[in-house]
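Data block below; observations after.
All values reported here derive from a predicted model rather than from experimental measurement. FYI, side chains are in, hydrogens and waters are out, and symmetry mates aren't considered; it's all heavy atoms of this structure.
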Amino acid sequence: MFRKLGPGGGIWQVIAIRKDGLGTQHAQLQRSDDHKTLKTLAVSTLLDPTQFETVAEPQD
């Protein structure tokens with residue numbers, strides 16, 4: 001689970017990791033409060049601490 005920093009951030013869950021034709025890894029993310037909202041971005045962007053931070057998964 002990752003929190004997007006800045007305005008309109010939200011909490012996102014990684015649902016898939018894929019490589020493109022050049023070998024760059026991309027993460028497909030699903031918004032935790034709206035499962036129909038998806039985005040795909042480079043894993044390097046997801047791991048950039050100025051853009052995202054990790055959050056603990058909610059305990060049931």
Side-chain angles (χ1 to χ4, degrees):
M1 303 286 281
F2 292 86
R3 177 180 294 117
K4 173 74 172 121
L5 303 176
I11 305 293
W12 297 84
Q13 179 178 3
V14 177
I15 58 173
I17 301 286
R18 296 189 175 94
K19 284 187 182 179
D20 66 15
L22 299 174
T24 302
Q25 290 187 326
H26 291 81
Q28 184 174 21
L29 307 173
Q30 180 180 55
R31 192 170 170 107
S32 64
D33 61 350
D34 178 5
H35 293 259
K36 292 182 180 181
T37 301
L38 304 173
K39 70 166 64 181
T40 302
L41 48 81
V43 169
S44 60
T45 301
L46 186 61
L47 297 176
D48 180 346
T50 66
Q51 297 190 50
F52 286 89
E53 65 183 2
T54 57
V55 294
E57 294 210 27
Q59 301 297 316
D60 294 330

For this session: Take Ile11 and Asp33 through the test side chain to side chain contact (heavy atoms under 4.5 Å, CB included) and record every step on the way to the result.
Result: CA-CA 8 Å; Ile11 305 293; Asp33 61 350; over 6 Å; no
Could you grab the distance from atom [atom1] of [X] to atom [atom2] of [Y], nearest 0.5 Å is fine?
{"X": "His26", "Y": "Lys19", "atom1": "NE2", "atom2": "NZ", "result": "12.5 Å"}
{"X": "Lys4", "Y": "Leu46", "atom1": "NZ", "atom2": "CG", "result": "10.0 Å"}
{"X": "Leu41", "Y": "Gln28", "atom1": "CG", "atom2": "CD", "result": "10.0 Å"}
{"X": "Leu38", "Y": "Leu29", "atom1": "CG", "atom2": "CG", "result": "8.5 Å"}

Are [X] and [Y] connected in the hydrophobic side-chain network, where two residues link if heavy atoms are under 4.5 Å apart?
{"X": "Met1", "Y": "Val14", "answer": "no"}
{"X": "Val55", "Y": "Leu5", "answer": "no"}
{"X": "Ile15", "Y": "Trp12", "answer": "no"}

Exercise. Okay, side chain of Glu53, backbone of Arg3: is any donor-acceptor separation there less than 3.5 Å?
Worked result: no
Exercise. Minimum heavy-atom separation for Ala27 to Val43, with atom names?
Worked result: N-CG2, 3.9 Å
For this session: Tell me, with the steps shown, if Arg18 and Gln25 meet side chain to side chain contact (heavy atoms under 4.5 Å, CB included).
Result: CA-CA 6 Å; Arg18 296 189 175 94; Gln25 290 187 326; over 6 Å; no
For this session: Indicate yes or no: does Asp34 engage Lys36 in a salt bridge with an N to O separation below 4.0 Å.
Result: no
